[in-house]
Amino acid sequence: MNSNEIEIHKELKKYFGFSQFKGLQEQVITSILDRKNTFVIMPTGGGKSLCYQLPALIQEGTAIVVSPLIALMKNQVDAIRSLSSENGIAHVLNSSLTKTEIAQVKKDITSGLTKLLYVAPESLTKEEYVAFLQSVPISFVAIDEAHCISEWGHDFRPEYRNLRNIIKQLGKVPIIGLTATATPKVQEDILKNLDMVDANTFKASFNRPNLYYEVRTKTKNIESDIIRFIKQHKGKSGIIYCLSRKKVESIAEVLQVNGISAVPYHAGLDAKTRAKHQDMFLMEDVDVVVATIAFGMGIDKPDVRFVIHHDIPKSLESYYQETGRAGRDGGEGHCLAYYSYKDVEKLEKFMSGKPVAEQEIGFALLQEVVAYAETSMSRRKFLLHYFGEEFDSETGEGADMDDNVRNPKHKVEAKEEVVKLLEVVRDTKHIYKSKEIVFTLIGRINAVIKAHKTDTQPYFGSGSGHDEKYWMALLRQVLVTGLLSKDIETYGVIKITQEGLDFIKKPASFMMSEDHEYTEADDETIVTGGKSSGTADEVLTGMLRELRKKVAKKLGVPPFVVFQDPSIEDMALKYPITIQELYNIHGVGEGKAKKYGSEFVALISRYVEDNDIIRPDDLVVKSTGVNSANKLYIIQNIDRKLSLNDIASAKGLSMDALIKEMEQIVYSGTKLNIKYWIDDMLDDDQQEEIHDYFMESESDKIEDALKEFDGDYDIDELRLMRIKFISEVAN
């Protein structure tokens with residue numbers, strides 16, 4: 001060690017009590033002390049803030065730290081003050097200060113006491129502050145969360161765009177840009193906007209080998225899945241992220257009802273409650289925080305053991321940052337995300353109100369999230385590739401820590417298809433994004449393809465032997481292997497690389513994994529709450545179906561009248577052995593359980609005993625009863641023969657939603673007499689015809705009924721008749 005190195009090690013020990021630097025810290029600090037522009041890309045938890053705190057403490061003058069979050073600044077200032085006997089060593093300068101406080105800050109800076117001054121970007125634009133800062137020695141300007149400068153970052157702040165001009169007014173001071181998340185596109189943007197293309201760049205690895213990544217299909221039954229997951233991780237700390245405040249509240253409530261200590265956290269709660277909930281989590285008075293993304297900034301809890309995304313995030317940057325709050329201590333961290341394309345469509349709809357440029361960026365970022373969720377290759381490799389880092393999925397650290405690697409998907413040889421794909425990218429001359437490339441292959445025309453006359457080319461439709469999903473999956477995998485690349489300047493345009501051109505000349509084997517199928521349960525099964533996640537006991541399912549057939553025959557009704565399929569499957573998953581437990585099965589209410597339940601629970605009870613089955617009693621998910629008020633209102637007012645239109649509008653429901661509620665009521669065993677309403681719609685013969693159809697049909701699916709009657713009745717008429725039928729025959 002030379003004398004300089006010994007010096008900064010001494011200071012590190014003196015101020016922070018560490019005897020060793022972590023990762024790239026030492027190189028970064030040396031670069032700053034040499035007064036060079038410095039750019040630091042370091043994942044959350046990598047010790048980013050020490051990179052500018054230490055040089056600030058040991059240099060002449062005051063370092064200015066620009067940060068977007070007031071709460072974060074306050075945390076950091078408190079932390080630095082705790083290292084020194086002087087309170088004035090660090091200050092915040094923002095809109096929340098009084099005149100007296102501002103005077104004190106200025107006095108401490110002028111006297112040379114203040115080493116770090118945290119400012120919000122808005123404060124820096126005030127002329128009086130700029131004038132004051134010009135008059136005092138500044139050691140450097142650090143811009144934390146530098147991705148806020150780039151509109152391609154996940155957290156763009158327009159006021160960050162003006163920083164360069166203000167810093168120029170302060171004279172020749174070095175700039176330090178720091179970010180915890182940056183794709184190559186964002187990095188380039190930051191360096192350009194801060195006018196520091198010459199900066200020393202330090203990039204730490206984004207690989208967190210202790211995190212296990214998993215994506216599951218989001219079913220109707222997501223709440224019981226989450227509860228089961230948390231109960232398997234009993235007593236461990238975790239965060240559940242949701243996109244809306246309403247969802248945060250309802251999930252927190254469901255967890256509490258099911259005996260899990262959880263609190264909600266979102267910006268709609270008052271500051272006192274938020275602070276209280278955050279402290280409860282830090283002090284381990286509660287295990288789980290259910291939160292919007294407002295939570296977690298500056299949370300330094302090392303032992304968060306799982307992070308669950310109830311809704312898929314808007315960008316991979318957000319996803320990386322939020323999952324990065326797990327396992328900071330290097331211990332286990334399980335990152336579980338639920339995915340359904342419906343959620344993506346919701347986010348797209350939400351974006352459609354924004355300016356076009358913003359929309360385009362939003363869509364591009366969202367497509368990356370979709371690709372991550374649907375991919376069947378190593379998720380770690382995929383993520384790191386997105387952040388511009390190579391990862392060897394055979395030998396890399398943490399290589400087996402994701403669901404795709406542990407349960408590999410079927411692979412097929414795709415050498416010839418890769419060549420076709422590469423040729424189309426080459427021959428269309430690098431003008432298209434992935435969508436148009438795929439459309440060209442399958443021979444589908446859109447406005448862009450028409451404008452470029454691509455549909456007249458010989459290769460148009462050359463890949464029509466496979467569908468759009470296949471080509472999308474292949475394109476993603478070819479991108480990650482580096483035969484194609486996404487252009488940084490025009491985000492999203494696909495170009496062929498030199499390796500790609502070589503591959504066309506000399507093709508080699510390319511084993512492609514088939515993508516995940518994330519199919520939603522169709523609306524028919526939703527009537528009773530959909531299929532339950534987890535796997536039902538096949539043998540028991542068969543036995544229950546047999547019993548259902550027998551009971552139905554004895555009563556002279558179709559089997560679905562007794563219990564619907566999803567209810568049977570749920571019984572084979574949860575093994576209810578009392579009538580009471582039967583109430584918690586999908587689509588089985590008290591009425592139905594009492595009427596048909598005894599033979600079923602007797603059968604299950606015998607089966608459980610004969611096969612020594614340990615029953616998952618914790619799978620009985622209690623609901624919070626939010627909808628019960630609606631149900632009661634519907635039942636009472638149908639008794640009073642009120643118009644269904646009036647019932648719907650009184651509760652703010654669409655007709656479709658009202659019919660859904662009614663279906664749930666009758667399918668769980670409660671009578672609803674809607675004859676008065678149907679009599680106005682259909683005459684006796686028509687009613688009899690539909691009634692007979694359901695009586696003889698194998699299934700109660702509306703699609704089948706629509707096909708059978710081929711346009712004679714519309715969907716609402718058939719659904720209402722099905723309600724009447726189930727109510728009269730089953731209940």
Side-chain angles (χ1 to χ4, degrees), residues 522-530 548-549 551-567 587-592 594-596 627 630-731:
D522 63 1
D523 266 0
E524 274 313 303
T525 53
I526 291 168
V527 171
T528 59
R548 177 176 68 170
K549 221 191 229 151
V551 171
K553 211 169 182 160
K554 197 166 72 193
L555 297 167
V557 297
F560 63 78
V561 163
V562 180
F563 289 119
Q564 276 195 305
D565 281 354
S567 305
V588 180
E590 203 170 322
K592 197 158 232 187
K594 284 184 173 151
K595 187 161 183 179
Y596 303 112
N627 289 334
N630 264 2
K631 289 198 168 58
L632 196 63
Y633 180 86
I634 293 168
I635 294 166
Q636 286 171 341
N637 285 293
I638 284 178
D639 276 350
R640 292 169 48 204
K641 298 193 170 32
L642 209 64
S643 137
L644 295 189
N645 296 335
D646 292 350
I647 294 176
S649 62
K651 282 288 167 199
L653 299 169
S654 64
M655 199 55 181
D656 176 56
L658 173 65
I659 293 178
K660 251 190 200 148
E661 291 272 0
M662 287 158 62
E663 284 168 340
Q664 287 188 333
I665 292 168
V666 297
Y667 271 111
S668 48
T670 303
K671 264 192 182 349
L672 276 186
N673 185 0
I674 56 169
K675 186 168 163 31
Y676 71 92
W677 184 256
I678 290 179
D679 284 345
D680 286 345
M681 284 166 43
L682 304 168
D683 65 31
D684 288 353
D685 290 345
Q686 291 173 307
Q687 290 184 38
E688 194 178 332
E689 181 178 48
I690 300 171
H691 182 283
D692 290 349
Y693 162 77
F694 280 122
M695 201 65 192
E696 280 144 34
S697 169
E698 282 293 297
S699 116
D700 59 345
K701 279 205 157 86
I702 289 295
E703 281 96 27
D704 298 351
L706 280 168
K707 267 193 210 112
E708 169 71 27
F709 290 114
D710 195 23
D712 291 348
Y713 302 108
D714 69 24
I715 191 162
D716 281 356
E717 289 169 340
L718 289 172
R719 285 175 75 188
L720 288 165
M721 269 305 294
R722 180 173 68 173
I723 289 169
K724 176 175 182 281
F725 173 80
I726 294 289
S727 190
E728 290 169 358
V729 176
N731 301 341

Output yes when [X] and [Y] qualify as a salt bridge under the 4.0 Å nitrogen-oxygen rule, no when they do not.
| X | Y | value |
| --- | --- | --- |
| K724 | E728 | yes |
| E663 | R722 | yes |
| K675 | D680 | no |

### Query
Is it true that the side chains of D700 and Y667 contain a donor and an acceptor less than 3.5 Å apart?
yes
#### Entry: Donor + acceptor pair across side chains of D712, Q686 (<3.5 Å)
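Distance-only check fails for D712 and Q686.
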Evaluate the side-chain proximity of [Y] to [X]: yes if any heavy-atom separation is below 4.5 Å, no if none is.
| X | Y | result |
| --- | --- | --- |
| V729 | H691 | yes |
| P558 | V561 | yes |
| K592 | T670 | no |
| L720 | L644 | yes |
| D565 | F560 | no |
| W677 | K641 | no |
| F709 | D704 | no |
| M662 | V666 | no |

In Å, rounded to the nearest 0.5 Å, how long is the span from [atom1] of [X] to [atom2] of [Y]?
| X | Y | atom1 | atom2 | value |
| --- | --- | --- | --- | --- |
| K651 | I634 | NZ | CD1 | 8.5 Å |
| D646 | L658 | CG | CG | 11.0 Å |
| D679 | I674 | CG | CD1 | 10.0 Å |
| K660 | I723 | NZ | CD1 | 12.0 Å |
| I659 | Q664 | CD1 | CD | 13.0 Å |
| I647 | M655 | CD1 | CE | 8.5 Å |

### Query
Is there a donor-acceptor pair under 3.5 Å between the side chain of S727 and the backbone N or O of L672?
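Present.
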### Query
Relative to the ring of Y596, is the ring of F563 parallel (under 30°), tilted (30 to 60°) or perpendicular (over 60°)?
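Perpendicular.
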#### Entry: Stepwise side-chain contact (heavy atoms from CB on, under 4.5 Å) check, L718 with M721
CA-CA 5 Å; L718 289 172; M721 269 305 294; 5.5 Å; no
### Message
Can you confirm whether K595 is buried at NZ, in the sense that more than 12 heavy atoms of other residues, nucleotides or ligands lie under 6.0 Å from that atom?
### Response
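Buried by this count: over 12 neighbours within 6.0 Å.
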### Query
Looking at residues at least two apart in the chain, or sitting in another chain, which of them share a side-chain contact (heavy atoms from CB on, under 4.5 Å) with D714?
D716, E717
### Residues forming a side-chain hydrogen bond (donor to acceptor under 3.5 Å, both in side chains) with E689, sequence neighbours excluded
Y713
### Task
Grab the two heavy atoms, one from Y693 and one from K701, that are nearest each other, plus how far apart they are.
OH-O, 4.5 Å
